[in-house]
Amino acid sequence: MLTKVAWCSNVNDSTHDGVILLSESIESLKNQEAFQQIAQALEKHAQIDESARNDVSILAAPVAGGRVVFSPIGPTNRDYDDVRRFTDAALKGVKRALSSGMKKPLLVQAYECPRFPHRDLAAFVGALHGLYVPIEVREALPEKKVKAEVIGFHSTNKDAQCYADLAGKLEAGRCVARDIGGSDPERMAAPNVAEYVKETFKNTCVQLEVISDLKVIEKEYPLFAAVNRCAAGVERHQGRIIYLTYEGEGPITRTLFIVGKGVTYDTGGCDIKANGVMAGMHRDKCGAAAVAGFFKVLAELKPKGIKVVGGMAMVRNSVGSNAYVADEIITSRAGKRVRIGNTDAEGRMAMGDLLCRMKEMVLETNAPNPYLMTIATLTGHARIAVGCPYALIMDNGPAKAAGYSQRVQTGGDLIGDLFEISTIRREDYEFHKGKSEYEDILQCNNLPSTRTPRGHQGPAAFLILATGLEKHGIDSDRPLAYSHLDIAGSEGEFPGIPTGSPILALTEAFVLNQS
């Protein structure tokens, strides 16, 4: 996060060269004495340009810098309105401010709306999203490394001051996620990701372990090794398994174990992606990128009483003479014989053995209140099922009993990182059971997820079966809560900038909400 973030108590602060003003409408500004002059100017402007009532406009005004960008939030009282009204207005306002030449804008959130208690935070993070500069641009063109030198935040809500600092720390995490998730498959090939993560967490409270030894990977992570087999022949593409650990001060009362899919490029393998659908597959690492980003937030906020272990499964799904193929039978870390059905279902393979290792950590350490998660841009089916920009979350029995999906969804609703809840059913387990005496588990069918009924739920069932988590359901003496998060719909449009989902939702659910 290269742009300086600061709270500003005065809308006329000469530090800034313009104001971005958010409110429901011009009418709502008229009721606030501090903004009546601006409201009058906007009303006059709207008489010659009616679009100013509903769209972003810029005009001269008696504020810092002598100009104001007005970005109307719009209605917030209907059934389908959510906190993204504030996020979207802030993002649009920042983009217009930048195009006008502002380098030191002041964002003023001037609309009180108790329905959305974290509206100011949502607006601030929306504004910061618009200031992100891709790492390739920062490295190649240093003169373009920032879009704004400083951004100030102000709100008519006096309690919002704390959100300026919090927004900056959340954005630091999302920057890490965007750097990894959005960068091209060479800049963020697996070895480069490992180096980037090492540099990011150097001299912080986050501990790292990077596994690169191919013999260790083949022995301990055989499903991951199958995907890595072809890429391993090219040194700069060789896979990496990265573990991150954060342990807060004080007695640990909760533990999170999170595995992220980090496929640096997905060709589909031997079941190759054809007809132009391969473009954009460098973004198949956004799950692992989100794990790294979440740890950056932990390093910034340093929450007490919680331990978090993260796993980044960084691998390239290459195609070639040494690629894994359909019909192979590979024994997972948990001892399950897995028949490959489709090499383009590599994400569940990459994550499976890491999730199994996480399960072992829970059982070995008797971790308090453990909760396991996988995060992945896993299926096109998820995107089709709920659309963009929504993520999906689905629980096993113990996680459902504990209400984890609802917790994540509620956290996301507070800040605009939105989730829909799905359900893993018995048909999903049946689908992945072995079809012959050769194998215990079928990895996938030979159709795309978009042409497979229950195409996003099945992979969660596979991960449960392949890791032995089915032995830790609600009928077990040692039940383990597990949820799968499919962020294919929420990671952001391509071409475009990744969103960093689900960092905001996880922070709301497990860091800001300590209950």
Cation over ring face, Arg333 and Tyr221, 6.0 Å, 45°: yes

Arg283 NZ/CZ over Phe494 ring centroid, <6.0 Å and within 45° of normal: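 The answer is no, since Arg283 fails at least one limit relative to Phe494.
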
Quick one: does any side-chain atom of [X] pair with a main-chain N or O of [Y] as donor and acceptor, under 3.5 Å?
X	Y	answer
Asn228	Val315	no
Asp353	Leu223	yes
His432	Gly458	yes
Lys302	Ala299	yes
Ser99	Arg96	yes
Gln443	Ala345	yes
Lys285	Ser183	yes
Thr343	Gly268	yes
Arg337	Tyr438	yes
Arg229	Asn322	yes

Salt bridge (Lys or Arg N to Asp or Glu O under 4.0 Å) contacts touching residues 85-94 (sequence neighbours left out): Asp81-Arg85

Qualifying salt bridge (Lys or Arg N to Asp or Glu O under 4.0 Å) pairs with a residue from residues 369-389, counting only residues at least two apart or across chains: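 Salt bridge (Lys or Arg N to Asp or Glu O under 4.0 Å) check on residues 369-389 returns Arg383-Glu491, Arg383-Glu493.
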
Salt bridge (Lys or Arg N to Asp or Glu O under 4.0 Å) with [X]: which residues, sequence neighbours excluded?
X	result
Glu247	none
Glu427	none
Asp395	none

Which residues share a side-chain hydrogen bond (donor to acceptor under 3.5 Å, both in side chains) with Asp344, sequence neighbours left out: Lys273

Results of side-chain hydrogen bond (donor to acceptor under 3.5 Å, both in side chains) for Asp417 - residues two or more places apart only: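 Scan of Asp417 (side-chain hydrogen bond (donor to acceptor under 3.5 Å, both in side chains), adjacent residues dropped) gives Ser501.
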
Full working for side chain to side chain contact (heavy atoms under 4.5 Å, CB included) between Thr374 and Tyr482: CA-CA 8 Å; Thr374 46; Tyr482 163 70; 2.6 Å; yes

Pair Asn445-Thr452, side-chain hydrogen bond (donor to acceptor under 3.5 Å, both in side chains): steps then yes or no: CA-CA 8 Å; Asn445 61 359; Thr452 301; 3.1 Å; yes

Pairwise distance CD1(Ile441) to CD1(Ile464) - rounded to 0.5 angstrom: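 Reported to 0.5 Å precision, the distance equals 11.0 Å.
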
Leu131 CG to Thr3 OG1 distance, which is reported to the nearest 0.5 Å: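 Here the rounded value is 5.0 Å.
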
Step-by-step side chain to side chain contact (heavy atoms under 4.5 Å, CB included) determination, Leu301 to Thr507: CA-CA 10 Å; Leu301 295 179; Thr507 303; 4.1 Å; yes

Heavy-atom pair with the smallest gap, counting every atom of [X] and [Y]:
X	Y	value
Leu244	Val206	CB-CG1, 4.1 Å
Lys359	Leu372	N-CD2, 3.7 Å
Tyr404	Ser483	CB-OG, 4.3 Å
Gly380	Ser449	N-OG, 3.2 Å
Met278	Asp266	CG-O, 3.8 Å

Please list, one pair per line, the donor and acceptor atoms closer than 3.5 Å that link side chains of residues 210-220 to other protein atoms, with sequence neighbours excluded.
from: Asp213; atom 1: OD1; to: Lys215; atom 2: N; distance (Å): 2.8
from: Asp213; atom 1: OD1; to: Val216; atom 2: N; distance (Å): 3.2

Would you say that more than 12 heavy atoms from the other residues, nucleotides or ligands in this model lie under 6.0 Å from the [atom1] of [X], or not?
X	atom1	value
Glu143	CD	yes
Arg478	CZ	yes
Leu363	CG	yes
Glu235	CD	no
Lys147	NZ	yes

Verdict with reasoning, Arg178 to Glu171, per salt bridge (Lys or Arg N to Asp or Glu O under 4.0 Å): CA-CA 10 Å; Arg178 294 192 202 102; Glu171 181 60 14; 2.7 Å; yes

Could you list the residues that satisfy ring-ring contact (aromatic ring centres under 6.0 Å, His included) with [X], not counting sequence neighbours?
X	result
His129	none
Phe124	Phe153
Phe510	Tyr371

NZ/NE/NH1/NH2 to OD/OE distance under 4.0 Å, Arg426 and Glu430: no

Residues Ile135, Tyr196; criterion side chain to side chain contact (heavy atoms under 4.5 Å, CB included); working and verdict: CA-CA 11 Å; Ile135 188 172; Tyr196 175 91; 3.8 Å; yes

Check against side-chain hydrogen bond (donor to acceptor under 3.5 Å, both in side chains), Thr204 and Tyr246: CA-CA 10 Å; Thr204 72; Tyr246 168 83; over 6 Å; no

Residue pairs involving residues 461-474 (criterion side-chain hydrogen bond (donor to acceptor under 3.5 Å, both in side chains); sequence neighbours excluded):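 Those involving residues 461-474 are Lys336-Glu470.
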
Option among Arg187, Lys145, Lys144 that satisfies the salt bridge (Lys or Arg N to Asp or Glu O under 4.0 Å) test with Glu139: Arg187

Evaluation steps, salt bridge (Lys or Arg N to Asp or Glu O under 4.0 Å), between Glu439 and Arg339: CA-CA 6 Å; Glu439 72 276 350; Arg339 180 182 289 277; 2.9 Å; yes

Evaluation steps, side-chain hydrogen bond (donor to acceptor under 3.5 Å, both in side chains), between Tyr324 and Asn317: CA-CA 9 Å; Tyr324 83 122; Asn317 190 21; 4.8 Å; no

Thr379 and His456: side chain donor to acceptor below 3.5 Å: no

Working for side chain to side chain contact (heavy atoms under 4.5 Å, CB included), residues His118 and Phe86: CA-CA 10 Å; His118 287 188; Phe86 295 84; over 6 Å; no

